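Predicted model only: the values in this text are computed from it and were never measured.
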Amino acid sequence: MKKLLSWLKSPKSDFLLFVIFLVLLNLVGHKAFVRLDLTAPQSYSLSKASKTLVKNLDSPLSVRVFFSDNIPPVAANVSQYVKDILTEYKGAANKNFSVSFMDMSKAENEDLAHELGIYQTQIQEVKNYEVGLKQVYMGLAITYGESVEVMNPIQNTDGFEYNLTTKMSKMIAMNDTLSGLKKDEKINLTLYLSQDLTKLGISGADQAEQIIRSAFDSVNKQNLDRLVFKAVNPAADDAQALSEKYGIQTIAYKNGEGVSTKAVLGLVLEHGEDFYALPLEVQRSFFGYAISGLDDVASLINEGLKTLFSNTTAIGYITGHDEVDHNSEAQAANLEKLMSGMYELTDIDLNSADIPAAMSSIIINGPKVDFTEEELYKIDQFLLRGGNVMLFLDGVVDDGRNQAYGIGNYVANESNLERLLEKYGVNRGKNMVMDKNSLKNINPQYGELNYYWVPALHKKQLAKKHPITNNLGYVYFLESGSLDPAAAKENKNLTVTEIAKSSEEGWALETGITLHPLYLQPPTDSSAFGQYDLAVLLEGKFDSAFDVSPLAKNSAESSAENQFVTSNHIKSSVLPGKLFVSGSSAITTSQVIDEEGSSPVSMFVMNVIDYMNGNEELCTMRTKTLAANNLTVKSGLAAGLWKLFNQYGLVLLVAIAWIIVWRMRVVRRRAINKKYNPDDTRTINK
């Protein structure tokens with residue numbers, strides 16, 4: 001023992017002890033690892049909202065990952081990112097969260113993937129100097145209680161954490177809602193199908209009930225057996241009433257006696273007074289009439305349940321002034337689809353209704369008709385009560401008189417909403433801002449074309465470190481009027497953020513506006529250029545634009561016989577509110593808002609909506625993996641120099657640093673040798 005202790009204390013044991021130390025360090029590190037995320041937007045770290053969700057799970061939630069091992073290099077980074085971020089989830093979660101990485105080389109795991117609705121996807125592969133396609137699995141399944149949700153295919157990292165967290169959040173909310181129902185409380189799924197549709201030879205009519213019943217059995221099992229299914233053959237006299245009640249489809253035809261009659265088709269989820277009609281209807285195809293919506297009924301029922309029991313936030317959408325239509329595919333339907341997971345748009349006609357007391361946000365999108373005094377007053381008082389107003393107001397509008405070549409005829413937008421804006425400190429330009437830094441396109445006939453009315457806003461033109469724009473590399477801000485928040489900045493009760501600006505090479509047109517790249521040229525006078533605010537955000541306490549309520553006079557007259565007159569007029573904010581103003585309503589339309597929400601403009605608008613509704617974490621989560629940080633260089637030469645610097649400059653700087661350090665060590669060594677061993681003849685000193 002003494003020899004062992006003596007050996008351990010001697011230098012001879014150092015190497016072995018060092019090896020033992022490394023082994024123990026690795027064992028500890030396996031259980032208590034630390035990862036450093038050095039990316040600016042923290043792309044590889046979880047947001048606070050995600051950590052809170054998995055940390056507070058009350059019931060088991062599992063994530064099963066179905067990724068092939070031999071994924072081509074072009075998509076391998078996606079696989080690694082998914083693994084890394086799920087490791088982060090696991091590290092932040094409590095014992096109810098689990099992650100399983102399935103071995104896709106096993107047949108039973110392939111069968112399980114197919115049962116869950118996860119199938120192979122095609123990925124391009126370059127092998128042996130040939131380009132081909134490879135079939136791989138790139139999906140995952142989330143299980144919470146009896147509910148199962150699938151993400152498939154996962155082909156890029158953009159928005160992965162956002163999609164996963166929001167999907168888990170909806171599942172938890174749905175499951176908790178269903179489990180909270182009383183024992184005898186059921187959700188009714190009713191198929192309204194006139195049997196005459198079978199006689200009329202409509203494809204799928206004779207099989208619809210069987211297909212839906214089979215899907216119902218599967219969905220009911222996943223949802224705690226809370227559903228009840230029934231099929232109804234409505235009488236012809238009831239068809240119109242059912243259509244008016246549920247919004248389901250009627251089919252007019254003549255019976256065998258030549259008498260005009262109606263059939264009805266619809267699939268309705270109903271709970272209490274609430275209902276949701278699933279998209280099941282007769283459509284005409286190349287081969288005749290057929291029932292559409294039978295391909296994946298289970299998914300339709302699940303989506304219907306989410307809509308029926310969703311805990312979405314209601315946002316008021318002001319109507320009655322020729323606003324952008326959020327139900328129109330050609331206008332803002334894509335935006336409503338993106339919002340539907342978290343929010344629900346509720347139409348409000350201020351001429352006949354008030355803004356509900358429980359509602360915290362409203363959208364006014366592209367109005368072209370003046371508001372009444374009473375309507376303006378309702379908006380004003382809503383803001384002063386602590387409400388949030390999102391205003392998309394164009395500087396000019398197309399009067400529709402000249403549609404040749406899509407040029408249009410633009411006139412000033414004389415909306416009287418500026419009565420409110422001016423009081424709050426924002427002056428609106430009745431113009432359209434053009435910008436030399438804009439969207440460009442290569443035309444085979446005319447060469448490069450500049451769409452000056454679509455300014456390309458880069459990071460330095462977006463608000464720095466603000467949740468709305470923090471991770472956005474660029475945004476196309478089309479057909480926007482200018483805004484001036486100078487007066488609002490002088491109000492000490494308000495915080496003003498200039499969310500988006502044009503470049504310094506912008507100019508504003510009030511007349512002679514044409515949206516044709518061949519007919520539009522920048523001004524020749526450099527003094528005409530300037531930088532314009534295109535979107536601003538005001539937060540804090542506002543002063544009312546009204547001295548008294550417009551309703552006060554009517555109230556006083558109606559109360560003339562009484563002894564008193566009541567008033568609820570608010571002169572100054574009782575709670576802080578938010579006012580977002582954009583100089584363009586076009587940024588909410590399908591011109592730039594895609595169905596998947598992957599375009600920068602889609603993310604910008606959704607970030608605005610999230611921020612205005614107190615969901616700042618979702619803004620960061622949605623945009624944290626974006627890689628669109630473009631260089632804002634103005635010439636090909638500058639771009640080439642930056643490219644060379646990135647390729648060779650960093651390597652050269654490292655080499656120079658190494659030479660400097662090496663020479664400093666040589667000089668230091670010589671100085672030490674000269675001081676302590678000046679007579680050493682082995683060194684030649686010069």
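The two residues Val433 and Pro455 have their closest heavy-atom pair at O-CG, 4.1 Å. The two residues Leu338 and Ser602 come nearest to each other via the heavy atoms CD1-CB, 4.1 Å. Across every non-hydrogen atom of Asn413 and Asp394, the tightest pair is ND2-O, 2.8 Å. For Ser502 against Gln461, the heavy-atom pair with the smallest separation is C-NE2, 3.3 Å. The heavy-atom pair separating Ala586 from Gln591 by the smallest distance is CB-NE2, 4.2 Å. Considering all non-hydrogen atoms of both residues, Val574 and Ile570 come closest at CG1-CG2, 4.0 Å.
Leu457 has its side chain out of reach of Tyr474: every pair of non-hydrogen atoms, C-beta onward, lies at least 4.5 Å apart. Two residues are said to be in side-chain contact when any heavy atoms from C-beta on lie closer than 4.5 Å; Val232 and Thr190 meet this criterion. Put simply, the side chain of Ile301 reaches to within 4.5 Å of the side chain of Leu278, judged on heavy atoms. You'll find the side chain of Lys230 stays beyond 4.5 Å of the side chain of Leu191, heavy atoms only. Contact of the Arg226 side chain with the Leu181 side chain is registered, since non-hydrogen atoms from C-beta on lie closer than 4.5 Å. Within the 4.5 Å cutoff, the side chain of Leu483 has no heavy atoms near those of the Leu534 side chain. Using a 4.5 Å heavy-atom threshold, the side chains of Leu269 and Leu189 count as touching. For the pair Leu300/Leu280, no side-chain contact is recorded, criterion being any heavy-atom separation below 4.5 Å from C-beta on.
Although no hydrogens or angles enter the test, the distance criterion places no donor-acceptor pair under 3.5 Å between the side chain of Ser243 and the main chain of Thr250. Without hydrogens or angle criteria, Glu336 side chain to Ala333 main chain gives no donor-acceptor distance under 3.5 Å. The backbone N or O of Thr166 lies less than 3.5 Å from no partner atom in the side chain of Ser169, so there is not a single donor-acceptor pair. Remark: the backbone N or O of Ala332 is not paired with any side-chain donor or acceptor of Thr589 at under 3.5 angstrom. Between the side chain of Thr52 and the backbone N or O of Lys48, at least one donor-acceptor pair lies under 3.5 Å. Without hydrogens or angle criteria, Ser599 side chain to Val592 main chain gives a donor-acceptor distance under 3.5 Å. Side chain of Gln240 to backbone of Asp237: no donor-acceptor contact under 3.5 angstrom is found. Asn388 places a side-chain N or O within 3.5 Å of a backbone atom of Met612 that can act as its donor or acceptor partner. Between the side chain of Ser438 and the main chain of Asp435, a donor-acceptor pair closer than 3.5 Å is present. Between the side chain of Ser480 and the main chain of Phe477, no donor-acceptor pair closer than 3.5 Å is present.
If you take CG on Asn607 and CD on Glu616, they are separated by 10.5 Å, rounding to the nearest 0.5 Å. Atoms CG and CG, from Leu520 and Leu509 in turn, are 6.5 Å apart once rounded to the nearest 0.5 Å. Of the inter-residue distances, the one linking Met390 atom CE with Ser582 atom OG reads 12.0 Å to the nearest 0.5 angstrom.
Applying the side-chain contact (heavy atoms from CB on, under 4.5 Å) test between Met342 and each of Ile315, Ile609, Thr313, Leu618 identifies Leu618 as the sole match. Among Asn334, Asp347, Thr319, the one residue that satisfies the side chain to side chain donor-acceptor pair (under 3.5 Å) test with His326 is Asp347.
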Derivation and outcome, side chain to side chain contact (heavy atoms under 4.5 Å, CB included), residues Ile468 and Met606: CA-CA 9 Å; Ile468 293 176; Met606 283 304 301; over 6 Å; no
Carefully, step by step, assess Leu417 and Leu376 under the rule side chain to side chain contact (heavy atoms under 4.5 Å, CB included). CA-CA 7 Å; Leu417 274 171; Leu376 291 175; 3.7 Å; yes
Criterion side chain to side chain donor-acceptor pair (under 3.5 Å) on Asp325 and Ser328, from CA distance to verdict: CA-CA 6 Å; Asp325 186 357; Ser328 169; 4.9 Å; no
Verdict with reasoning, Ile291 to Glu281, per side chain to side chain contact (heavy atoms under 4.5 Å, CB included): CA-CA 6 Å; Ile291 295 180; Glu281 59 184 21; over 6 Å; no
For a side chain to side chain donor-acceptor pair (under 3.5 Å) check, start with the C-alpha distance between Asp380 and Tyr424, then their side-chain angles and the critical distance, and finish with the verdict. CA-CA 10 Å; Asp380 175 85; Tyr424 305 147; 2.7 Å; yes
Could you walk me through whether Ser572 and Phe542 pass side chain to side chain contact (heavy atoms under 4.5 Å, CB included), step by step? CA-CA 6 Å; Ser572 184; Phe542 297 81; over 6 Å; no
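Separation of the Trp507 and Tyr532 ring centroids does not fall under the 6.0 Å cut-off. Less than 6.0 angstrom separates the ring centroid of Tyr611 from the ring centroid of His466. Ring centroids of Tyr476 and Tyr451 are separated by 6.0 Å or more, keeping the two rings apart.
Of the charged side-chain nitrogens involved, none lies within less than 4.0 Å of a carboxylate oxygen, so that Lys571 and Asp543 do not count as a salt-bridged pair. Between Lys464 and Glu498 there is no salt bridge, since no side-chain nitrogen of the basic residue lies less than 4.0 Å from a carboxylate oxygen of the acidic one. We find that Asp610 and Arg622 are joined by a salt bridge, their nearest charged nitrogen and carboxylate oxygen being less than 4.0 Å apart. The existence of a salt bridge linking Glu510 and Lys430 is excluded, since no basic side-chain nitrogen approaches an acidic carboxylate oxygen closer than 4.0 Å. A salt bridge links Glu329 with Lys337: the closest approach of a Lys/Arg side-chain nitrogen to an acidic carboxylate oxygen falls below 4.0 angstrom.
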Side chains of residues 356-366: which donor-acceptor pairs under 3.5 Å do they make with residues two or more places apart or in other chains?
unit_1 : atom_1 : unit_2 : atom_2 : d
Ser361 : OG     : Asn613 : OD1    : 2.9
Asn365 : OD1    : Thr588 : OG1    : 3.4
Asn365 : ND2    : Tyr317 : OH     : 3.1
Asn365 : ND2    : Thr588 : OG1    : 2.9

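For Tyr246, the OH atom counts as densely surrounded, since its 6.0 Å shell holds more than 12 non-hydrogen atoms of other residues, nucleotides or ligands.
With a 6.0 Å cutoff to the six-membered ring centre and a 45° limit on the axis angle, Arg419 counts as a cation-pi contact of Phe546.
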